[in-house]
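We name chains A, B, ... by the order of the sequence lines, and we start the count at 1 in each one.
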Protein chains: 2
Amino acid sequence: MPTGSPTGSPTGSPTEERLRAAAFELFEQQGYDATTVESIAERAGVGRTTFFRAFGSKEDVIFPDHTDVLARVRQRLAASAAADTPTAVTEAARLVLRRYLDEGDLARARYRLTRTIPALRSREIAHLQQYQQEFRDHIRRWTGEQPGADLRAELMASSVVVAHNHVLRRWLRGLTDDPEREFDAAMAQVLRTHAPSVTGDDWADGRADGGATVVVLRSPVDPEAVLPALRRALAQAEQAEQAEQAEGNGRATDPVEPS
Amino acid sequence: MPTGSPTGSPTGSPTEERLRAAAFELFEQQGYDATTVESIAERAGVGRTTFFRAFGSKEDVIFPDHTDVLARVRQRLAASAAADTPTAVTEAARLVLRRYLDEGDLARARYRLTRTIPALRSREIAHLQQYQQEFRDHIRRWTGEQPGADLRAELMASSVVVAHNHVLRRWLRGLTDDPEREFDAAMAQVLRTHAPSVTGDDWADGRADGGATVVVLRSPVDPEAVLPALRRALAQAEQAEQAEQAEGNGRATDPVEPS
DNA sequence: TGCTCGGTGGTACTGAGTACCATAATGACG
DNA sequence: CGTCATTATGGTACTCAGTACCACCGAGCA
């Protein structure tokens, strides 16, 4: 692992940049806890006070522009039309991913630290939770007022964040060279799981009509051949639906194997 | 809201109990940051040293037995047969929920604090993440070695945690009187989304066979009537499947509305 | 009485973070 | 060029969490 100052896209005053470089160098050399703010400031050639003015705390040196990214995410979500919520969320998550990718080695250095120091890990998790809440709130506005919409929005938001993290972590560990491509695939998987339909959102419609949505897994197979399974599935779905209406809980989805 | 010492199931020495009660009282009265460890110890009639011996830190007073619960969860998961992973995870999550419910007002007092103090919130989120990792690792052992299994395990684990939190939060806010019932419903929804089939796990089988799984939403409807939609769905699913094999990513699920 | 031992209190220290003040660098304006 | 206001900076002193260490007290025991 390289000990030199990480490359990337530095965003800040020269003083901040020197402090950040000094901090990461010392953290890598002596560990996080063994490094005092005073020593960081000294190495950067500034006073201790200046450090705390530049970054609010010792932890903040590690997460320089989280606030910025969060604001951009919020902005991206707010700017989206209500219709294409999945796209908006995907692109907002991509924004976060790209920010990490742009950081390059800096992101990897941070990852090395967050993996080992519990306090930093907590901090990072808390940040992710903030993204998740933005997603959740945005999705929540989209899902309408059916019973279970709150939970469904939370599930979808967390899935998006998990998918993002999954790909990001693979990249941080050097397990992939094309994270954006994996991101697309992962997000597609998530949206496929949570979005109700390819043709559009039938979430907002609720369940008032007698229509049916058919989901098919693992084709190819002759359509006629699955008719018996379909018949059984319909019967079971009907039962499940009745059972759930009492609980005020989401749509019925009962998978059944064909004979 | 009651200011008195919270009820529940106190677990600890009398000294620890007095410290915890004093801490919560002061936190509620003056806020978390304005309360010093010294004042807590003083109110409890012990020395500051004793406080730090009983609880490792000021934050730890709020989360007394998280380590215990985590150990129990781990134990519960380890004790389960590999076959019924969904059940094991559900019951492990229920273990956590029950622990909160048993605490009663204490849990609600903690919730009040964690909602307002960022440091405590981070701490709690970090705890949840630990549960999530236990779930993920357990699920991961179950899902086998198909491509995308890692991500799928993470998604399922996070969904379980999110569902648990959702119900727990509703209870903490006093929005429900029967959290266990809602927990069952939420977990059913999660497992329905992530488990591949009601009849058993066809995850382990991979996608080698040409079989199809049919999922039907929002019945009742005449089986024959959805045949055209089914035909279209199969065609689309086939395309999606081919598109994904290049990415080495999960199963294809393409919902389509019937005409 | 003298002994150990677990629990306790006190004291002193490090280091993060805050508040406040003094001062140097900058830049606008006369 | 001088003056004033602004801004960034350094320094000092303080609070408080957390750690290390030592002294002590009381219970049991020989």
Side-chain angles (χ1 to χ4, degrees), chain A residues 10-64 66-67 110 113-114 116-124 126, chain B residues 10-64 66-67 110 113-114 116-124 126:
Chain A
T11 63
S13 73
T15 303
E16 287 177 11
E17 223 29 61
R18 284 221 311 281
L19 277 167
R20 203 165 54 118
F24 271 88
E25 285 166 18
L26 289 175
F27 289 162
E28 299 252 0
Q29 286 171 18
Q30 332 172 337
Y32 180 79
D33 289 319
T35 304
T36 69
V37 170
E38 193 155 16
S39 66
I40 297 173
E42 189 186 11
R43 174 179 270 247
V46 299
R48 205 175 78 104
T49 310
T50 303
F51 177 93
F52 281 110
R53 253 191 289 259
F55 311 92
S57 75
K58 188 177 170 186
E59 292 182 0
D60 281 341
V61 197
I62 316 283
F63 311 100
H66 164 256
T67 309
R110 184 194 304 124
L113 290 172
T114 52
T116 46
I117 286 68
L120 299 180
R121 179 191 288 261
S122 299
R123 184 68 170 259
E124 180 152 67
Chain B
T11 62
S13 73
T15 303
E16 287 177 12
E17 222 31 59
R18 284 220 313 282
L19 277 168
R20 201 164 56 117
F24 271 88
E25 286 165 20
L26 289 175
F27 289 162
E28 300 254 357
Q29 286 171 17
Q30 333 172 334
Y32 180 79
D33 289 319
T35 304
T36 68
V37 171
E38 193 154 17
S39 66
I40 298 172
E42 188 185 12
R43 175 180 270 247
V46 300
R48 205 175 76 105
T49 310
T50 304
F51 176 92
F52 282 110
R53 253 191 290 259
F55 311 94
S57 75
K58 190 178 169 185
E59 291 182 2
D60 280 339
V61 197
I62 317 282
F63 310 99
H66 164 255
T67 309
R110 184 193 303 125
L113 290 172
T114 52
T116 45
I117 287 71
L120 299 180
R121 179 190 287 262
S122 299
R123 185 69 171 259
E124 180 153 67

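- Residues that satisfy the side chain to side chain donor-acceptor pair (under 3.5 Å) test with B/Arg18, not counting sequence neighbours, are absent from this structure.
- Rounding to whole angstrom units, CD of residue A/Glu59 and P of D/dA17 are separated by 16 Å.
- Note on B/Thr15: a side-chain N or O is less than 4.0 Å away from OP1 or OP2 of C/dT8.
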Show me the side-chain donor-acceptor pairs of residues 57-64 of chain B shorter than 3.5 Å, one per line, residues at least two apart or across chains.
unit_1: B/Ser57; atom_1: OG; unit_2: B/Glu59; atom_2: N; d: 3.4
unit_1: B/Ser57; atom_1: OG; unit_2: B/Asp60; atom_2: N; d: 3.3
unit_1: B/Lys58; atom_1: NZ; unit_2: B/Tyr32; atom_2: O; d: 3.1
unit_1: B/Lys58; atom_1: NZ; unit_2: B/Thr35; atom_2: O; d: 2.7
unit_1: B/Glu59; atom_1: OE1; unit_2: B/Arg123; atom_2: NH1; d: 2.4
unit_1: B/Asp60; atom_1: OD1; unit_2: B/Arg123; atom_2: NH2; d: 2.3

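- Rounded to whole Å, the distance from CG on B/Leu19 to C1' on D/dA17 is 16 Å.
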Kindly list each side-chain donor-acceptor pair under 3.5 angstrom involving residues 37-48 of chain A, sequence neighbours excluded, with atom names and distances?
unit_1: A/Ser39; atom_1: OG; unit_2: A/Thr36; atom_2: N; d: 3.4
unit_1: A/Ser39; atom_1: OG; unit_2: A/Thr36; atom_2: O; d: 2.6
unit_1: A/Ser39; atom_1: OG; unit_2: A/Thr36; atom_2: OG1; d: 3.4
unit_1: A/Arg43; atom_1: NH1; unit_2: A/Glu25; atom_2: OE1; d: 2.4

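- Partners of A/Ala126 under the side chain to side chain contact (heavy atoms under 4.5 Å, CB included) rule, at least two apart in sequence or in another chain, are B/Ser122.
- Between the P atom of D/dA17 and the CD atom of B/Glu42 lies a distance of 13 Å, rounded to the nearest Å.
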Residue pair A/Arg20, A/Glu17: steps toward the salt bridge (Lys or Arg N to Asp or Glu O under 4.0 Å) verdict: CA-CA 5 Å; A/Arg20 203 165 54 118; A/Glu17 223 29 61; 2.6 Å; yes
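- Between A/Asp33 atom CG and C/dT14 atom P the separation is 17 Å, expressed in whole Å.
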Every protein N/O lying under 3.5 Å from an N/O of nucleotides 19-28 of chain D:
unit_1: D/dT19; atom_1: O4; unit_2: B/Arg48; atom_2: NH2; d: 3.3

What does the list of N/O pairs under 3.5 Å between the protein and nucleotides 24-26 of chain C look like, with a distance for each?
none

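- When the nearest nucleotides of DNA chain C are assigned to B/Phe51 and A/Tyr32 by heavy-atom distance, the more 5′-ward of the two goes with B/Phe51.
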